[in-house]
There are 2 protein chains.
Amino acid sequence: MRRDVFQGIADPTRREILNMIAHKSLNVNSVAANFEVSRTAIYKHIKILTECGLVVVRQQGRERYCEARLKKLSKVSDWVERYRSLWEAKFDSLEAYLGKLEAKKKKYGKKKS
Amino acid sequence: MRRDVFQGIADPTRREILNMIAHKSLNVNSVAANFEVSRTAIYKHIKILTECGLVVVRQQGRERYCEARLKKLSKVSDWVERYRSLWEAKFDSLEAYLGKLEAKKKKYGKKKS
DNA sequence: TATTTATGTAACCTTATGGTTGCAAATATA
DNA sequence: TATATTTGCAACCATAAGGTTACATAAATA
């Protein structure tokens, strides 16, 4: 399964895991100890985080340390920040109103996301 | 189903829809016309976007105009930006290294995400 | 060596996702 | 009024998500 960072942070448990290991790497059991759900469930979340590049796991003895790769979050930041000027300029309502009026005349030209 | 904005932007089609209506509101059919999948599929995506507050739909005659509520994206921005200093300071590797060494001595204290 | 600890993973379950076709209802138009 | 357009939604399908228990294996320890 091909995963991307947006999917990676979609789940609240995964966001909490990231927060947990943001400052200090932790082995799988230590991460799991902070949740109600089973170790296996957490293991799966870590696997997903690994698949989308947000976490790297390194073996040390019998333990596996989960290390955050926060730089990947810049993908999310880049996407979101493209719209900041729009929401900060209170265009949220204005443009909608204008767009509504013009919707009948113009056609949307497809762009890549 | 309770939805949040992280789930809303998790799907690439939904991100494209948001981009499409970011500057100008569009009715459901106009949005759907820009995709390969069925109108119903797009309708469902719009519904999800509505449920998490990223889109508001307003009726005008027989048409429903989809209006972006981009301000909701600040929730995502706020979350991501908490980690910027970490990834920009190239702590991604350093802290992990240090954390790894200290992992045996200290215990992680749970925080809310 | 025997046992404990940390982890990976298979097998299974329930619900959510993302898609489809088909149809009904409301509004606009010929 | 008869027809076309726009939309909502039911019913269905396949697969992904998120969870569980049980078991196997590798490494550390008594």
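Computed from coordinates, the A:Ile46 CD1 to D:dG18 P distance equals 14 Å when rounded to whole Å. Here the P atom of nucleotide D:dA10 and the NZ atom of B:Lys44 are 10 Å apart, to the nearest Å.
Residues satisfying the side-chain contact (heavy atoms from CB on, under 4.5 Å) criterion with A:Val56, sequence neighbours excluded, are A:Arg58, A:Arg69. Listed by chain and number, the residues in a side-chain hydrogen bond (donor to acceptor under 3.5 Å, both in side chains) with B:Arg39 amount to none (sequence neighbours excluded). Scored by the ring-ring contact (aromatic ring centres under 6.0 Å, His included) test, B:Phe6 finds B:Trp79 as partners (sequence neighbours excluded). Residues meeting the side-chain contact (heavy atoms from CB on, under 4.5 Å) test with B:Arg62, sequence neighbours left out: none.
Take the nearest nucleotide of DNA chain D for A:Ile48 and for B:Tyr43: the residue whose nucleotide is more 5' is B:Tyr43.
Contact between the side-chain N/O atoms of A:Ser38 and the OP1/OP2 oxygens of D:dT20 is found at a separation under 4.0 Å. Residue B:Asn29 places at least one side-chain N or O closer than 4.0 Å to OP1 or OP2 of D:dT7.
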Going 5' to 3' through nucleotides 22-30 of chain C, assign each nucleotide B (protein heavy atom under 4.0 Å from a base atom), S (under 4.0 Å only from sugar-phosphate atoms) or - (no protein heavy atom that close). B----BS--

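No side-chain heavy atom of B:Val28 sits under 4.5 Å from any side-chain heavy atom of B:Tyr65.
Residue B:Asp11 places its side chain closer to C:dG18 than to any other of D:dG8, C:dG18, D:dT20.
If one axis is set at each end of the helix from C:dT1-D:dA30 to C:dA30-D:dT1 from five pairs, those axes are 10° apart, to 10°.
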